[in-house]
Amino acid sequence: MQAFKTPKYNRIMTLQETLELHVKAAIKALFQSELTSVEFQATRKEFAGDITVVVFPMLRVVKGNPVVIGEQVGQYLLDNVELVKGFNVVKGFLNIEINDSYYLNFFQSVKNKADYGFVEQKDDKAVMVEYSSPNTNKPLHLGHVRNVLLGYSVAEILKASGKKVYKTQIINDRGIHICKSMLAYQKFGQDETPTEDLKGDKLVGNYYVKFDQEYKAEMAELVAQGQSEEDAKKNAPLLLEAQEMLIKWEAGDKEVVGLWEKMNQWVYDGFEVTYKNIGVDFDTYYYESNTYLLGKEFVAEGLKTGVFFKKEDGSVWCDLTEDGLDEKIVLRSDGTAVYMTQDIGTAIQRIKDYPDVGGMVYTVGNEQDYHFKVLFLILKKLGFDWAKNLFHLSYGMVDLPSGKMKSREGTVVDADDLIQEMADTAEEISNDLGKLEDYNEDEKKSLYKTIGLGALKYYILKVDPKKRILFDPKESIDFQGNTGPFIQYTYARIQSILRKADSDNIATTSVDDAIVMHEKEKQLIKQLELFPEVIQNAAEQHSPALIANYTYDLVKEFNSFYQNISIFGADTELEKSFRIDLSRLVSQTIKNAFQVLGIEVPERM
RNA sequence: GGUCGCAUAGCUCAGCUGGAUAGAGCACCUGCCUUCUAAGCAGGCGGUCCUAGGUUCGAAUCCUAGUGCGAUCACCA
């Protein structure tokens with residue numbers, strides 16, 4: 001059941017807003033009562049009408065039989081509102097029929113807008129959206145893919161809704177885990193360098209796995225010598241060496257820092273290739289190695305103002321018990337920074353760098369729900385007014401049937417491999433269908449990638465971010481039904497129609513044309529009319545899934561129209577032109593919707 | 001144990017301010033390509049909306065309790 005929500009964007013008064021005023025007037029005229037709001041929903045297909053007023057809530061103000069009240073209000077609307085051409089009442093539902101001219105006028109007013117559904121930038125305050133935020137010791141996997149797709153899409157949706165947006169990430173470029181792969185490389189690497197077949201991030205990731213293997217072997221040996229497992233964990237020589245390396249790094253040891261810079265650069269180069277492959281980008285980057293010091297400064301500041309307190313051993317804490325949470329450490333007893341310190345520093349640094357930012361979105365997995373709750377609270381306590389506009393875009397893990405993905409054990413679905421597999425599948429299907437014989441190899445390759453990526457992105461974005469995804473590599477992602485390729489296919493099919501219309505020089509329609517709409521055409525226009533509102537809702541709720549599901553509904557509606565009504569076989573030239581105009585706006589809407597999902601649309605497929 | 005999230009058809013998921021007979025896709029079964037691209041369309045099969053109470057004219061949706069799954073509660077990040 002589709003309900004209509006009052007739009008907040010700037011546009012001509014919507015149908016619902018117009019009707020609301022009239023329904024209120026009707027209640028006033030008929031019953032001398034004031035309604036505070038009117039409840040609307042789309043009329044169910046089995047009843048005549050376009051929009052339905054629910055009478056039940058009015059009973060709080062007007063006493064009586066809902067059917068009788070519905071009849072009276074309906075009659076009033078019919079007599080007083082030009083838009084209304086009929087009505088019927090079923091139980092407590094007043095179904096209103098709207099004049100076709102309303103829909104035709106609406107259609108004519110938007111049909112040539114390339115940016116249909118998008119709102120021009122209006123807010124002076126910008127939003128910073130963080131996503132990806134990888135560690136620099138391993139390549140990106142399917143979990144990162146979900147993160148990156150969600151973050152990128154939410155950023156694009158916010159832009160489309162009229163916000164200024166900065167896309168960013170925080171790079172975990174320091175710490176013991178980075179030293180682990182560095183150490184393994186130093187010991188076993190034999191000066192190996194990235195090659196065309198082995199990207200830098202993969203190379204570094206291999207040594208992270210190598211470290212874990214060697215480390216486990218050492219542990220096993222120590223246990224065999226009689227140590228407890230716990231002791232062996234702490235005493236394994238490799239781990240001690242890694243810890244030593246971290247200390248050297250912090251002390252600025254030339255050799256260690258040099259290796260760190262070299263290997264991180266390999267990883268960054270590898271990441272860039274993957275990001276480009278996925279089709280996402282960033283406006284600005286932040287590195288933990290640069291922001292933790294600022295965090296420490298503000299911890300000191302918070303100590304002075306009483307936001308934090310110091311324990312006997314010198315560690316610094318924030319007492320959140322009044323807010324129903326625990327005490328949280330913000331600085332170690334030895335004065336070094338913890339995770340929270342860095343995040344405080346990063347947030348403040350970002351506002352310093354971009355003073356027009358009034359809020360931030362953090363795309364981070366739901367295992368950090370608590371962390372962000374605390375972070376936001378601390379920033380509020382520190383007195384930053386932007387702290388009230390922070391949002392944790394939390395999402396569920398992507399698990400494999402075998403359990404969690406673990407980079408150090410090599411049980412991950414690699415991002416690059418996955419994309420390649422998706423393209424391969426698209427190629428297979430495409431070859432079976434054999435529609436692209438006249439495409440050259442480059443064109444084909446690019447198309448397979450568009451379709452494969454479209455399938456992957458849609459598959460991930462159409463579900464509620466909160467839900468965890470169980471990804472079975474053996475069961476391939478669908479290319480039929482509620483999928484990216486299905487929608488891309490519809491787009492391509494419309495392009496084919498438009499090419500034909502273009503070569504036939506078919507005229508376009510105008511407001512003055514006396515068009516008689518077919519039921520399917522009217523349904524399509526109604527669905528199109530919802531799009532701007534869907535963008536706004538998706539922005540408010542940070543939900544690409546709303547866009548995906550809307551687009552699917554639109555496309556289903558179009559396909560039904562397409563299969564049941566002939567476009568070029570229309571009875572009159574006017575009808576033909578109208579159907580082509582309608583198809584054009586549908587394809588433009590698909591394109592715009594997919595743009596904010598980060599999915600490309602093909603001209604043919 | 002405390003806290004947070006999730007639970008809807010065999011499977012994957014929609015279902016937004018509480019509204020009419022809970023919707024899609026996959027899978028399975030019927031039809032439809034000499035006509036604008038069949039990655040499609042038209043239809044069939046399939047439901048204890050986790051359980052039990054409660055609020056309401058009306059509950060998948062809100063409240064309470066419970067069950068199951070996941071996460072979290074580190075001087076790790």
Side-chain angles (χ1 to χ4, degrees), chain A residues 1-6 37 39-41 43-44 46-47 52 54-57 59 66 90-93 95 135 172 174-178 288 311 313-317 324-326 328-334 336 338-340 342-343 365-371 373 394 396-397 399 426 429-430 432-433 435 451 455 459 462-464 466-470 475 477-490 492-501 534 537 540-541 543 545-546 548-549 552-553 555-556 559-569 576 579-580 583 604-605:
Chain A
M1 179 74 16
Q2 184 87 40
F4 296 86
K5 207 176 157 188
T6 311
S37 66
E39 195 173 316
F40 291 95
Q41 62 188 49
T43 304
R44 289 183 74 108
E46 57 266 41
F47 303 109
T52 295
V54 187
V55 181
F56 296 110
L59 299 179
V90 181
K91 296 189 207 165
F93 299 92
N95 302 319
N135 292 332
N172 277 291
R174 61 181 212 108
I176 187 78
H177 52 293
I178 312 287
E288 282 192 353
K311 288 196 177 174
D313 62 4
S315 56
V316 180
W317 296 73
L325 304 173
D326 299 321
K328 189 81 189 175
I329 188 159
V330 291
L331 204 65
R332 288 194 192 100
S333 52
D334 63 5
T336 56
V338 291
Y339 185 31
M340 191 59 75
Q342 293 173 8
D343 271 3
N366 64 7
E367 77 274 14
Q368 293 192 35
D369 285 357
Y370 183 72
H371 173 79
K373 215 172 170 179
S394 168
M397 295 289 98
D399 292 326
I429 296 174
S430 218
D432 286 348
L433 295 170
K435 294 178 187 174
I451 297 170
Y459 173 81
K462 78 170 175 186
V463 314
D464 182 346
K466 276 186 299 212
K467 290 192 168 155
R468 78 185 249 271
I469 292 181
L470 192 69
E475 279 178 45
I477 293 173
D478 278 326
F479 282 65
Q480 275 165 13
N482 188 358
T483 66
F486 166 77
I487 293 166
Q488 289 173 321
Y489 176 69
T490 304
R493 200 150 64 169
I494 296 174
Q495 296 319 297
S496 170
I497 293 165
L498 297 180
R499 281 190 294 269
K500 185 168 159 68
V534 170
N537 286 343
E540 272 168 41
Q541 298 179 36
S543 172
L546 288 179
N549 288 311
Y552 178 61
D553 287 340
V555 162
K556 262 204 314 187
N559 281 334
S560 177
F561 158 78
Y562 175 89
Q563 298 271 355
N564 288 290
I565 294 175
S566 174
I567 293 173
F568 290 98
K576 194 197 287 183
R579 286 172 189 172
I580 289 163
S583 302
R604 284 178 49 182
M605 72 184 271

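Chain naming here is simple, since letters A, B, ... match the order of the sequence lines and numbering starts at 1 in each.
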Expressed in angstrom and rounded to an integer, what is the separation of [X] atom [atom1] from [N] atom [atom2]?
X        : N      : atom1 : atom2 : value
A/Ile567 : B/rG40 : CD1   : C1'   : 14 Å
A/Arg174 : B/rC76 : CZ    : P     : 12 Å
A/Phe40  : B/rG18 : CZ    : P     : 16 Å
A/Tyr370 : B/rC76 : OH    : P     : 16 Å
A/Leu470 : B/rG10 : CG    : P     : 18 Å
A/Tyr339 : B/rA74 : OH    : C1'   : 14 Å

>> Taking the nucleotide of RNA chain B with the nearest heavy atom to each, does A/Phe93 or A/Gln342 sit closer to the 5' end?
In response: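 Checking each residue's closest nucleotide, the 5'-ward one belongs to A/Phe93.
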>> Quick check on RNA chain B: between A/Glu46 and A/Ile469, whose nearest nucleotide comes earlier from the 5' end?
In response: A/Ile469
Can you pull every protein N or O that's under 3.5 Å from an N or O on nucleotides 22-28 of chain B?
residue : atom : partner  : partner atom : Å
B/rG23  : OP1  : A/Arg44  : NH2          : 3.0
B/rA24  : O2'  : A/Tyr552 : OH           : 2.7
B/rG25  : O2'  : A/Asn482 : N            : 3.4

If you only use heavy atoms from C-beta on, which nucleotide in [options] is closest to the side chain of [X]?
X        : options                : answer
A/Pro485 : B/rC57, B/rA39, B/rA77 : B/rA39
A/Tyr562 : B/rA38, B/rA39, B/rG19 : B/rA38
A/Ile451 : B/rA39, B/rU21, B/rC13 : B/rA39
A/Ser496 : B/rA20, B/rC36, B/rA77 : B/rC36
A/His177 : B/rC73, B/rA77, B/rU37 : B/rA77
A/Asn549 : B/rA14, B/rC41, B/rC57 : B/rA14

> Is there a stack between A/Phe486 and B/rA39, judged by ring centres under 5.5 Å and planes under 30°?
Replying inline: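 No; by the centre-distance and plane-angle rule, A/Phe486 does not count as stacking on B/rA39.
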Using OP1 and OP2 only, check whether a side-chain N or O of [X] sits under 4.0 Å from [N].
X        : N      : value
A/Lys435 : B/rA39 : yes
A/Arg332 : B/rC76 : yes
A/Thr52  : B/rA20 : no
A/Asn559 : B/rC41 : yes
A/Tyr489 : B/rA39 : yes
A/Arg493 : B/rC41 : no

Base partner of [N], which must satisfy Watson-Crick or wobble distances under 3.5 Å:
N      : answer
B/rA22 : none
B/rU35 : none
B/rG47 : none
B/rG53 : B/rC63
B/rG68 : B/rC6

Produce the list of close N/O pairs, under 3.5 Å, pairing protein atoms with atoms of nucleotides 4-7 of chain B; give distances to one decimal.
residue : atom : partner  : partner atom : Å
B/rC6   : OP1  : A/Lys466 : NZ           : 3.3
B/rA7   : OP1  : A/Lys467 : NZ           : 3.4

>> Is it the case that B/rA20 (base atoms only) and A/Gln41 (side chain only) share a donor and an acceptor within less than 3.5 Å, ignoring hydrogens and angles?
In response: yes
[N] to [M] separation - [atom1] atoms, rounded to the nearest Å:
N      : M      : atom1 : result
B/rA22 : B/rC41 : P     : 24 Å
B/rA42 : B/rG10 : C1'   : 24 Å
B/rU64 : B/rC73 : C1'   : 25 Å
B/rA7  : B/rG15 : P     : 10 Å

> When syn is taken as a glycosidic angle within 90 degrees of 0, is B/rC33 syn or anti?
Replying inline: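 Syn, which is what one calls it when the glycosidic angle falls within 90° of 0.
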>> Categorize A/Asp343 for me: base, sugar-phosphate, or nothing, with a 4.0 angstrom heavy-atom threshold over every strand shown.
In response: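 Nothing: the residue A/Asp343, judged by heavy atoms under 4.0 Å, touches no strand.
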> Is A/Met605 touching bases, backbone alone, or none of the nucleic acid, heavy atoms closer than 4.0 Å?
Replying inline: base
> Where the side chain of A/Ser496 meets the backbone of A/Ala492, is there a donor-acceptor pair that is under 3.5 Å apart?
Replying inline: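 Judged by distance alone, no pair lies under 3.5 Å.
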